[in-house]
Participant: 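Here it is, the structure in full.
First the proteins, then the strands, lettered A, B, ... as listed; each starts at 1.
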Number of protein chains: 2
Amino acid sequence: MQIQPKIIKDFKKALSSEGLRFTEQRLQVLEDILSSDSHRDCNEIFQSIKIKGHQVSIPTIYRTLDVLVDYGFIRKLDIGDGAVKYEKKLGHPRHDHMICIESGKIIEFIDERIEQVQDEIASNNDYEIVGRVHQLFVKPKKK
Amino acid sequence: MQIQPKIIKDFKKALSSEGLRFTEQRLQVLEDILSSDSHRDCNEIFQSIKIKGHQVSIPTIYRTLDVLVDYGFIRKLDIGDGAVKYEKKLGHPRHDHMICIESGKIIEFIDERIEQVQDEIASNNDYEIVGRVHQLFVKPKKK
DNA sequence: ATTATTGCAAATCCTTTGCAGTACC
DNA sequence: GGTACTGCAAAGGATTTGCAATAAT
């Protein structure tokens with residue numbers, strides 16, 4: 001599960017463009033998120049890094065998450081019940097989430113019709129959309 | 001801004017049906033929310049009650065909010081940035097929210113087409129919807 | 001009288017901050 | 001060498017909990 005050298009290069013470039021520094025900790029956090037397909041919070045990322053035998057403190061993870069969101073490497077999700085999670089963004093286009101309240105399973109979906117209506121509604125009110133939060137909480141259908 | 005006697009009667013009935021008690025504090029919280037059209041958090045409700053010359057402690061407000069949500073008198077909103085707000089539900093049908101990131105203004109909207117697509121998506125995955133979180137973060141459109 | 005409810009203080013949980021030491025450019 | 005970064009411990013803010021006193025049924 002190695003991440004591409006190009007991504008690391010891009011990351012270094014993004015950091016240096018703002019006078020930020022490339023550190024082992026920031027790399028650990030980036031690698032950990034990019035090599036996972038799940039939606040995780042700070043503590044889960046912390047545990048995951050620790051299991052690999054590395055160590056990054058919680059405050060540093062929070063600080064790094066902010067940087068990674070700002071530079072578009074990851075996405076911050078507010079799952080609706082107060083939980084904040086992060087997911088990779090690179091090679092992972094925008095989508096909404098359907099969350100099963102029984103199993104906790106999260107299904108990603110996207111629907112062009114919804115996007116269009118959203119844009120139309122915002123536009124009708126003289127606004128433009130800068131962010132969307134759209135989650136469906138579901139349970140298995142009874143036959 | 002007096003709330004209807006019928007609502008208080010319904011509230012008493014709902015409470016007693018579960019062995020819960022009708023108290024001055026619970027009534028204060030219910031009245032305060034039903035007589036407001038805004039989306040507010042616990043502290044705002046606390047302040048509002050205090051200004052009227054009444055007093056309900058923060059823990060009691062939280063406990064009451066849970067009860068009111070359970071009985072369908074109010075709705076709990078997760079506005080996306082970690083903020084949790086409450087709004088009245090009675091006489092106030094389901095809707096989504098458009099939040100201006102510049103002014104903080106919240107506009108309510110509902111669109112039948114979106115509802116239908118949501119139901120279709122859930123159904124296609126053998127789920128049924130039990131809850132929806134749908135917020136658009138917007139900013140004024142530039143001419 | 002019984003037992004749910006209240007308010008207080010303290011405890012949680014999650015996230016952020018101040019700061020001294022460390023590492024990157 | 002100068003300054004951003006890290007980790008620690010402590011601070012914050014929002015929400016919850018234990019408990020003794022109080023009030024509703």
Participant: For A:L65 and C:dC14, what is the distance between atoms CG and P respectively, to the nearest whole Å?
Facilitator: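 Rounded to whole Å, this separation is 15 Å.
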Participant: Can you work out whether A:R63 or A:C42 has the more 5'-proximal nearest nucleotide on DNA chain C?
Facilitator: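 Checking each residue's closest nucleotide, the 5'-ward one belongs to A:C42.
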Participant: Want to settle it: does B:P59 or B:L20 sit nearer the 5' end of DNA chain D, counting the closest nucleotide to each?
Facilitator: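 The residue mapped nearer the 5' terminus is B:P59.
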Participant: Rounded to whole angstrom units, what separation is found between the CZ atom of B:F46 and the P atom of C:dT6?
Facilitator: 14 Å
Participant: Quickly work out the A:N43 CG to C:dT15 P distance and round it to whole Å.
Facilitator: 9 Å
Participant: Going by the rule ring pair (Phe, Tyr, Trp, His ring centres under 6.0 Å), which residues pair with B:H54 if we only count those two or more places apart in sequence or in a different chain?
Facilitator: none
Participant: Side chains of residues 58-69 of chain A: which donor-acceptor pairs under 3.5 Å do they make with residues two or more places apart or in other chains?
Facilitator:
residue	atom	partner	partner atom	Å
A:T60	OG1	A:S57	OG	3.1
A:T64	OG1	A:T60	O	2.8

Participant: Does B:R26 reach a base, just sugar-phosphate, or nothing at all? Heavy atoms under 4.0 Å.
Facilitator: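 The residue B:R26 makes sugar-phosphate contact but no base contact.
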Participant: What's the CD-P distance between B:Q55 and C:dT5, to the nearest Å?
Facilitator: 19 Å
Participant: Does NZ or CZ of B:K12 lie under 6.0 Å from the centre of the six-membered ring of B:F22, at an angle within 45° of the ring axis?
Facilitator: yes
Participant: Measuring from atom CD of A:Q135 to atom CD1 of A:I99, what distance do you get when rounded to the nearest 0.5 angstrom?
Facilitator: 4.5 Å
Participant: Please report the distance, rounded to the nearest Å, between CG in A:D41 and P in C:dC14.
Facilitator: 7 Å
Participant: In whole Å, what is the span from the NZ atom of A:K12 to the C1' atom of C:dC24?
Facilitator: 12 Å
Participant: What are the bounds, 5' to 3', of the part of DNA chain D that sits under 4.0 Å from heavy atoms of chain A?
Facilitator: D:dG2 to D:dA9
Participant: Taking 4.0 angstrom as the limit, do A:D32 and A:K88 come out as a salt bridge?
Facilitator: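 No salt bridge links A:D32 with A:K88.
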Participant: Indicate, with a heavy-atom threshold strictly under 4.0 Å, whether B:T23 touches base, sugar-phosphate, or nothing.
Facilitator: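 Touches sugar-phosphate only.
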Participant: Decide yes or no, distance alone: a donor-acceptor N/O pair under 3.5 angstrom between the base of C:dT3 and the side-chain of B:R21.
Facilitator: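 Answer is yes: a donor-acceptor pair is held.
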Participant: Just by distance, no angles: are the side chains of A:H97 and A:H39 close enough, under 3.5 Å, to form a donor-acceptor pair?
Facilitator: yes
Participant: Under 4.0 Å, heavy atoms only, any strand: does A:E18 hit a base, just the sugar-phosphate, or nothing?
Facilitator: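 Nothing, no heavy atom under 4.0 Å.
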Participant: Just how far is it from atom NE2 of B:H95 to atom CD1 of B:I107, taken to the nearest 0.5 Å?
Facilitator: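 Rounded to the nearest 0.5 Å, the NE2-CD1 separation comes out at 12.0 Å.
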Participant: In this structure, how many angstroms lie between the P atom of C:dG7 and the CD1 atom of B:I49, rounded?
Facilitator: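 In whole Å, C:dG7 P lies 10 Å from B:I49 CD1.
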Participant: Just how far, in rounded Å, is C1' of C:dA4 from CD of B:E24?
Facilitator: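 In whole Å, C:dA4 C1' lies 17 Å from B:E24 CD.
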